Amino acid sequence: MNELGGPIVDPVGRLRYPDGWSGTPRVYSPRTRMLAGALLMAFLGVVVVTTGVSLGGYCLTSHGGDYRALSGWLADTSERAATTKVRP
């Protein structure tokens, strides 16, 4: 079908295999691949959660800084929020 002897895609979009061609079998069983995927997802989940907790803890405990010098809506909204009365 082609010079390399592998599968090609015809003009209609279907995958065509040459006669006598066979794919390489998978090295690991589906169970092993599922376990590896689950471990990878668990690792990525722990990374995301610990990063969020660490960054959240840092942001909540560090000095926020003085934002009164900022012009625009940030200073206006914070002043309005400080003077707004909340109904019980």
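The structure displayed is predicted, hence computed values, not measured ones.
The two atoms that bring V9 and L15 nearest to each other are CG2-CD1, 4.0 Å, heavy atoms only.
For the atom pair CG (L35) and CG (L40), the distance works out to 11.0 Å, reported to the nearest 0.5 Å. For the atom pair CG (D10) and CZ (R16), the distance works out to 5.0 Å, reported to the nearest 0.5 Å.
The backbone N or O of V47 sits less than 3.5 Å from a side-chain atom of T50, completing a donor-acceptor pair.
For the residue pair S29/T32, the side-chain donor-acceptor check at 3.5 Å is satisfied.
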